[in-house]
4 protein chains.
Amino acid sequence: MDGVKVVAIARRAASYEERTGRTREAILAAAEQEFVANGLSGATMESIAKAAGVNKALVYRHFERKELLFQRVLVMAYRRLRDMEANLEFSDDPVAALEELCSFTLHYYLENPNFLVLVGVENLHKGENLRSVAREELAISKLIRVVTGLLAKGERAGAFRPGLDPVDLWLTLSSLCWFSVAGAYTVDITFGRNIHQPAEAEARLAVIKDVIRRYALRPERLPPI
Amino acid sequence: MDGVKVVAIARRAASYEERTGRTREAILAAAEQEFVANGLSGATMESIAKAAGVNKALVYRHFERKELLFQRVLVMAYRRLRDMEANLEFSDDPVAALEELCSFTLHYYLENPNFLVLVGVENLHKGENLRSVAREELAISKLIRVVTGLLAKGERAGAFRPGLDPVDLWLTLSSLCWFSVAGAYTVDITFGRNIHQPAEAEARLAVIKDVIRRYALRPERLPPI
Amino acid sequence: MDGVKVVAIARRAASYEERTGRTREAILAAAEQEFVANGLSGATMESIAKAAGVNKALVYRHFERKELLFQRVLVMAYRRLRDMEANLEFSDDPVAALEELCSFTLHYYLENPNFLVLVGVENLHKGENLRSVAREELAISKLIRVVTGLLAKGERAGAFRPGLDPVDLWLTLSSLCWFSVAGAYTVDITFGRNIHQPAEAEARLAVIKDVIRRYALRPERLPPI
Amino acid sequence: MDGVKVVAIARRAASYEERTGRTREAILAAAEQEFVANGLSGATMESIAKAAGVNKALVYRHFERKELLFQRVLVMAYRRLRDMEANLEFSDDPVAALEELCSFTLHYYLENPNFLVLVGVENLHKGENLRSVAREELAISKLIRVVTGLLAKGERAGAFRPGLDPVDLWLTLSSLCWFSVAGAYTVDITFGRNIHQPAEAEARLAVIKDVIRRYALRPERLPPI
DNA sequence: GATGAATGAGGATTCATTCAT
DNA sequence: AATGAATGAATCCTCATTCAT
């Protein structure tokens with residue numbers, strides 16, 4: 001709706017390839033902002049073009065249709081997160097590491113609502129736009145590898161219950177962080193808890209860590225009561 | 001997409017008041033379907049009117065603006081769920097009761113995606129439409145009372161950890177069920193888990209129950225390992 | 001291209017039906033002019049609306065799509081001609097009557113190029129728009145009846161060759177008039193004959209009459225040489 | 001509609017001049033197909049370029065504007081036909097020869113609808129594009145010479161009426177063939193006669209020959225009745 | 001000569017909303 | 001209360017044409 005001129009900087013470049021690449025980036029960046037701010041149908045190609053500092057027709061030349069542009073934006077958002085996850089540096093202690101993953105995830109969602117919004121929009125559209133994307137593009141395997149490693153290490157250390165499924169654990173952890181942020185507005189209105197206030201965020205994170213720890217740890221490792 | 005004629009039945013009725021009431025209901029019912037199927041901007045006043053079997057202008061007469069119509073639909077959806085929750089009949093055993101609440105919630109979400117979609121849409125719109133609704137209309141207190149009761153009973157019975165916060169517990173439980181359903185499409189695409197298949201739903205429910213139980217129960221009540 | 005405000009007069013009428021009818025007429029009249037002046041793709045819904053003195057969206061309300069609007073215009077043009085043909089008053093002498101039909105047809109085409117242009121456009125579009133029109137709407141039978149009557153009368157009078165097929169004759173006559181007008185521009189450029197000059201038109205009409213007479217009459221009725 | 005890659009063959013050739021010439025031909029050939037298939041406004045420079053296997057900008061380099069390209073295509077089509085006509089080999093018998101001209105013309109139109117379509121389009125545009133073309137480019141004189149020769153021969157042989165005007169005769173003959181093909185679609189729809197079916201084409205040709213013969217021959221040479 | 005990138009203007013269609021009856 | 005007609009502002013997308021390399 002307001003159309004900040006995002007990346008228009010740095011065009012007028014050298015080779016064709018370079019120029020094309022920069023234009024593409026500018027459009028993608030602008031599109032992400034517009035989609036996040038206004039949703040798939042709310043964002044207009046006009047505003048995206050303007051925000052990217054290019055012509056409307058050029059957006060079409062590069063992305064053919066609005067949905068395909070959305071798809072590219074979505075894929076970008078996925079990759080960005082998956083790449084960060086793959087490069088996280090965890091503590092040696094597996095319990096601490098698990099809590100660090102909780103913390104990272106909640107904070108990432110809080111600071112990058114784009115990801116949540118884009119994925120939320122996509123779910124409202126029943127996954128139509130994501131379905132045609134090659135699985136590898138989403139780099140999901142990187143994430144699985146990280147979680148699997150974490151669980152194995154904790155299990156070997158005798159801290160975690162054996163046989164935990166990494167996908168189950170991830171979905172659990174992710175659900176807790178996800179809803180805290182994606183449902184923030186209705187939760188605030190109905191329960192009076194506003195996670196966008198730092199104190200509230202930390203309180204919620206503490207609960208999430210607690211839930212996850214109690215789920216992953218052998219009971220005898222938990223403090224009584 | 002094509003506008004099933006929802007409730008058009010049963011207009012042309014008795015007293016003025018009654019007639020008006022029925023028209024209102026018909027519009028609300030039609031609007032809910034359209035909003036859920038196509039989102040806030042996707043649903044059109046035209047299609048809503050057609051589905052309700054009435055004239056477009058009449059929809060305006062009853063609800064003034066599209067957003068207000070959406071708001072009423074949303075409030076309706078909230079109340080419907082809260083009313084059901086308030087009337088749930090739980091087992092005497094508090095642990096079983098807690099699991100029943102998990103089961104009810106997941107299944108309700110699965111069978112009434114309308115609620116999730118509407119609330120999801122509302123969150124994407126940052127709660128703009130819900131904010132002006134009186135808190136009582138959402139009947140949130142009924143839900144809190146139920147959860148509080150459950151926790152108190154479990155604590156008295158020595159099963160639950162003392163001092164559990166009902167809102168924390170509810171947000172945890174709700175997050176797990178919510179994301180399982182609201183994120184169904186992207187989860188299916190990325191992790192290959194499709195919760196719309198019954199077996200998958202039951203498997204996920206088992207994990208959710210487990211997470212909640214381990215969070216609520218005193219550790220010493222948990223089976224070792 | 002120039003957008004004369006065609007019929008915008010005389011709206012603001014009494015009953016719904018009357019108002020609707022007038023709007024419809026105004027749009028159809030404007031559309032005909034625009035389609036004739038600019039072709040199917042050349043005419044824009046915007047210019048049509050403006051010429052009709054109404055809003056663009058209203059054109060859609062009444063005719064749904066540009067092609068359907070074109071179809072209605074085309075059908076109107078057909079009916080108008082067929083109705084005139086059905087009401088022609090011919091001389092008693094069948095030979096004179098036949099020549100009168102030639103004369104009427106050529107002059108009608110000359111004075112109503114709209115018909116030619118519309119049908120020409122439709123043929124360039126391979127008849128797509130006309131195909132779905134009910135045969136009766138085109139009132140072709142009226143024309144056939146007229147030609148059949150003419151031939152029968154001439155045959156009974158011993159003037160025309162027996163067994164002439166009315167459709168064959170009509171297609172012949174129509175071809176001659178048609179091409180004279182529809183091909184006017186290229187014929188003028190290539191052969192230097194401009195049928196839009198009255199003298200040229202009469203000269204061409206004389207040839208057409210001659211061709212038709214020689215085709216229809218028994219040879220022995222023709223003047224030697 | 002989708003742009004078959006027409007002549008892209010045989011570029012990357014010998015001398016500059018030769019290469020240029022071939023590119024030109026490729027573009028012209030592609031343009032003809034596109035114009036015929038989609039009309040002047042329906043054909044796009046993009047699709048033409050793609051069909052020719054070249055870059056859009058190159059089309060502009062060679063033809064400056066869409067209309068000029070259309071003009072060149074049109075001229076090409078004229079010349080092609082005129083050249084064929086100039087080289088026809090007729091029977092010695094002038095009556096047979098005249099019928100052969102009818103047959104050739106109808107079949108040429110049937111098999112080369114391009115010519116009809118292009119000229120039809122041009123007439124809808126009131127000859128704007130053709131007007132600036134030098135008369136000789138259209139080689140019309142060749143055709144006149146052929147028809148004049150035919151008539152002179154028939155007249156000398158005592159078969160044809162004296163004083164027939166070659167242009168009149170040609171316009172008559174051409175009208176009959178023209179309309180049969182150019183009006184094919186609407187004629188099919190309104191009269192149920194589809195000239196694209198071979199039997200129908202032959203029947204129509206017989207009528208055309210009959211019309212022309214009766215117009216050209218001395219009456220006493222016609223069979224009674 | 002040949003290419004890919006970029007533009008500005010326009011065009012069909014849709015939609016929330018208001019008006020007249 | 002209820003209806004059908006009418007509107008103005010968008011919105012997606014296309015296209016002829018020009019520019020830079």
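So you know, we letter chains A, B, ... as the sequences are listed, proteins then strands, and number each from 1.
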- Sorted by position of nearest nucleotide on DNA chain E, 5' first, the leading residue of C/R65 and B/A43 is C/R65

- A/R22 has an atom CZ; how far is it from atom C1' of E/dA6, in whole Å? 17 Å

- Message: Do B/I48 and B/F35 make a side-chain contact, defined as non-hydrogen atoms from C-beta onward lying under 4.5 Å apart?
- Response: yes

- Rounding to a whole Å, what distance do you find between A/I48:CD1 and F/dC13:P? 11 Å

- Residue C/L58, side-chain heavy atoms: nucleotide from E/dA6, F/dA2, F/dA6 that is nearest: F/dA6

- Query: Can you tell me which stems DNA chain F forms when a stem means 3 or more consecutive Watson-Crick or G-U pairs under 3.5 Å?
  - Reply: E:2-21 with F:2-21

- Does the base of E/dT7 carry an N or O that pairs as donor and acceptor with the side chain of A/K56 under 3.5 Å? no

- Assess whether one donor atom and one acceptor atom, taken from the side chain of C/K66 and the base of E/dG11, lie less than 3.5 Å apart. no

- Item | Any residue meeting ring pair (Phe, Tyr, Trp, His ring centres under 6.0 Å) with B/Y60, in chain and number order, not counting sequence neighbours | none

- Query: Of A/M45 and D/A57, whose closest DNA chain F nucleotide lies nearer the 5' terminus?
  - Reply: A/M45

- Query: In whole angstrom, what separates C/E64's CD from E/dT14's C1'?
  - Reply: 13 Å

Side-chain atoms of residues 62-69 of chain B: list all donor-acceptor pairs with protein atoms under 3.5 Å, sequence neighbours left out, distances to 0.1 Å.
from, atom 1, to, atom 2, distance (Å)
B/R65, NH1, B/E67, OE1, 3.3
B/K66, NZ, B/L40, O, 2.8
B/K66, NZ, B/A43, O, 2.7

- Query: Taking only side-chain nitrogens and oxygens of D/N55, does any of them come within less than 4.0 Å of OP1 or OP2 of E/dG4?
  - Reply: yes

- Query: Going by distance alone, is a donor N or O of one side chain under 3.5 Å from an acceptor N or O of the other, for C/E34 and C/T44?
  - Reply: no

- Within this structure, what is the CG-to-P distance between C/L69 and E/dA12, rounded to whole angstrom? 11 Å

- Task: Nearest-nucleotide wise, let me know which of C/S41 and B/S41 is further upstream toward the 5' end of DNA chain E.
- Result: C/S41

- Query: Tell me: CD1 of C/I27 to P of F/dA5, nearest whole Å?
  - Reply: 11 Å

- Message: What's the closest nucleotide to the side chain of B/R61 if the choices are E/dA2, F/dA2, E/dA6?
- Response: F/dA2

- Query: Over how many whole Å does the gap from C/E46 atom CD to F/dT11 atom P extend?
  - Reply: 17 Å

- Query: Given side chains that start at C-beta, do those of D/Y78 and D/V119 come closer than 4.5 Å, heavy atoms only?
  - Reply: yes

- Is the shortest side-chain N/O distance from C/T20 to OP1 or OP2 of F/dG4 below 4.0 Å? no

- Counting heavy atoms from C-beta on, name the nucleotide in F/dT11, E/dT14, E/dT18 closest to the side chain of A/T44. F/dT11

- Query: Between F/dT18 atom C1' and D/H62 atom NE2, what is the distance in whole Å?
  - Reply: 17 Å

- Are D/E32 and D/R72 within salt-bridge range, i.e. N to O under 4.0 Å? no

- Beyond-backbone contact of C/V121 with C/H125, side-chain heavy atoms, under 4.5 angstrom: yes

- Counting only N and O atoms by type, is there a donor-acceptor contact under 3.5 Å from the side chain of A/N114 to the main-chain atoms of A/A77? no

- Round to the nearest Å and state the distance from C/K50 atom NZ to F/dG8 atom P. 12 Å

- In terms of side-chain heavy atoms of B/Y60, which of E/dT17, E/dA5, F/dC13 is nearest? E/dT17

